Amino acid sequence: MGQPESRERQGAAQTELPPGQRLQRGWPVTHYGPVPKFKPDRWEFRVFGATADGDKHCWNHEEFSALPFETVIADLHCVTKFSMLGAEWGGVGARTIAEIAPPAADVTHVMVWAEYGFSSNLRLADFLSDRTLFATHNGGDLLTAEHGFPLRLVVPHLYAWKGPKWVRGIEYMTADRRGFWEERGYHNIGDPWREQRYSYQEEPGDGPEL
């Protein structure tokens with residue numbers, strides 16, 4: 001909130017790549033750890049933490065699949081330096097989730113939680129971008145397990161690690177704290193147009209207060 005918008009958020013035509021990136025044909029599989037096995041009868045998406053009503057909100061897979069579906073044409077920029085341009089993502093908008101289960105007035109950040117306890121933190125404004133999507137589809141087809149089925153977060157204006165695969169919920173937070181990769185030396189914000197790859201590049205205000 002209150003941060004300068006990146007080039008992609010400003011809607012500029014993507015005729016060039018962010019600094020240090022290369023154009024990728026196809027979609028490589030990159031992740032840490034094993035691919036989880038999807039068990040639809042046990043799957044649940046949760047919104048918890050500092051919600052406006054103080055309650056936890058949950059959807060099973062059937063209920064989540066019935067939420068309004070939208071598509072976003074957006075790039076994917078991996079911190080490993082490959083970029084996919086103009087991918088078609090389908091799923092549930094982050095704003096839709098926030099409208100159904102709104103954050104409290106003092107929420108500033110969101111922690112996205114995924115399988116195996118993986119996490120990634122986002123500023124609330126990044127989460128609420130109209131292009132941030134809980135994706136279930138790519139190119140009109142369901143995501144494969146290797147690419148995050150049944151659900152991955154896509155945050156087009158940030159590096160791809162900020163949008164985890166195999167998402168299981170979000171936590172509203174009234175103060176920032178680092179997620180999995182952010183605790184291991186990656187930049188707390190991750191804007192590819194500013195080439196914010198590593199924590200040593202952070203400037204005052206980029207990370208949680210110590």
Side-chain angles (χ1 to χ4, degrees), residues 1-3 5-6 8-9 36 38-74 76 88-138 142-143 147-183 188-190 208:
M1 302 178 69
Q3 299 292 326
E5 291 193 340
S6 70
E8 189 161 354
R9 268 186 288 175
F38 174 54
K39 298 178 180 178
D41 57 326
R42 298 183 183 179
W43 190 90
E44 182 182 69
F45 181 89
R46 298 180 298 145
V47 177
F48 62 101
T51 58
D53 59 10
D55 292 335
K56 181 174 72 173
H57 300 259
C58 301
W59 293 263
N60 61 30
H61 187 250
E62 182 178 0
E63 291 166 340
F64 193 90
S65 299
L67 293 175
F69 186 89
E70 59 187 84
T71 59
V72 172
I73 305 299
L76 183 146
E88 180 188 295
W89 307 95
V92 179
R95 282 190 175 184
T96 297
I97 297 298
E99 289 168 0
I100 299 171
D106 55 347
V107 166
T108 58
H109 291 78
V110 170
M111 188 71 78
V112 184
W113 290 97
E115 297 283 1
Y116 305 128
F118 182 86
S119 60
S120 183
N121 59 317
L122 294 168
R123 297 173 296 186
L124 183 63
D126 292 320
F127 179 74
L128 294 179
S129 165
D130 59 8
R131 293 166 61 77
T132 299
L133 189 74
F134 288 99
T136 56
H137 290 68
N138 176 263
L142 281 172
L143 294 171
H147 284 304
F149 179 83
L151 193 67
R152 72 177 292 158
L153 186 65
V154 175
V155 190
H157 61 277
L158 301 180
Y159 281 120
W161 93 78
K162 283 295 189 176
K165 301 177 182 180
W166 311 302
V167 172
R168 295 298 299 273
I170 60 167
E171 175 188 1
Y172 291 136
M173 305 189 298
T174 57
D176 193 13
R177 68 179 191 269
R178 296 180 188 271
F180 180 89
W181 286 118
E182 294 79 14
E183 288 182 335
N188 197 57
I189 297 175

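Computation of the quantities below employed the complete heavy-atom set of this structure, encompassing side-chain atoms and omitting hydrogens, waters and symmetry-equivalent molecules. Keep in mind that this is a model prediction, so the values were computed, not measured.
F64 is linked by a ring pair (Phe, Tyr, Trp, His ring centres under 6.0 Å) to W43, F45, counting only residues two or more places apart in sequence or in another chain. Remark: W59 engages no residue in a side chain to side chain donor-acceptor pair (under 3.5 Å) (not counting sequence neighbours). By the side chain to side chain donor-acceptor pair (under 3.5 Å) test, D53 is found to be paired with T51, H57, residues two or more places apart in sequence or in another chain being considered. Taking the side chain to side chain donor-acceptor pair (under 3.5 Å) definition, one finds that R46 meets it with nothing, sequence neighbours left out. Taking the side-chain contact (heavy atoms from CB on, under 4.5 Å) definition, one finds that S65 meets it with H61, sequence neighbours left out.
Here the closest heavy-atom approach between residue D176 and residue P208 is recorded as O-CB, 3.5 Å. The two residues A98 and P103 come nearest to each other via the heavy atoms O-CD, 4.1 Å. Taking both residues in full, the closest heavy atoms of Y116 and P36 are given as OH-CA, 3.3 Å, listed atom of the first, atom of the second, then distance. Shortest non-hydrogen contact noted between K165 and A114 is O-CB, 3.2 Å. Summarising the geometry of C58 relative to E63, their closest heavy-atom pair is O-OE1, 4.1 Å, with the distance given to 0.1 Å. Of all heavy-atom pairs spanning A50 and T174, the tightest one is CB-CG2, 4.0 Å.
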**Q.** Evaluation steps, side chain to side chain contact (heavy atoms under 4.5 Å, CB included), between E44 and N60
**A.** CA-CA 5 Å; E44 182 182 69; N60 61 30; 5.9 Å; no
Q | Worked verdict on W181 versus F118 for side chain to side chain contact (heavy atoms under 4.5 Å, CB included) | A | CA-CA 9 Å; W181 286 118; F118 182 86; 3.4 Å; yes
(Q) Determine whether L153 and L122 satisfy the following criterion, side chain to side chain contact (heavy atoms under 4.5 Å, CB included), listing intermediate values before the conclusion. (A) CA-CA 11 Å; L153 186 65; L122 294 168; 3.8 Å; yes
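Atom CG of L133 and atom CZ of F69 lie 7.5 Å apart (nearest 0.5 Å). Taking CH2 from W89 and CG from L76, the interatomic distance works out to 5.0 Å, rounded to the nearest 0.5 Å. Interatomic distance, CZ of R177 versus CD of E182, reported as 11.5 Å (0.5 Å rounding). Taking CG from L128 and CD1 from I97, the interatomic distance works out to 11.5 Å, rounded to the nearest 0.5 Å. Atom-to-atom distance recorded for H109:NE2 and I170:CD1 is 14.0 Å, nearest 0.5 angstrom. Taking NZ of K162 as the reference point, atom CG of N121 lies at 4.0 Å (rounded to 0.5 Å).
Between L67 and I100, the closest side-chain pair of non-hydrogen atoms falls below 4.5 Å.
The salt bridge (Lys or Arg N to Asp or Glu O under 4.0 Å) analysis of residues 104-119, with sequence neighbours excluded, yields the pairs E115-R168.
Side chain of N138 to backbone of L143: no donor-acceptor contact under 3.5 angstrom is found. Between the side chain of R95 and the backbone N or O of T132 there is no donor-acceptor pair closer than 3.5 Å. Listed for the W113 side chain is no donor-acceptor partner under 3.5 Å among the backbone atoms of E171. For R152 (side chain) and H147 (main-chain N/O), a donor-acceptor pair under 3.5 Å exists by modelled atom type.
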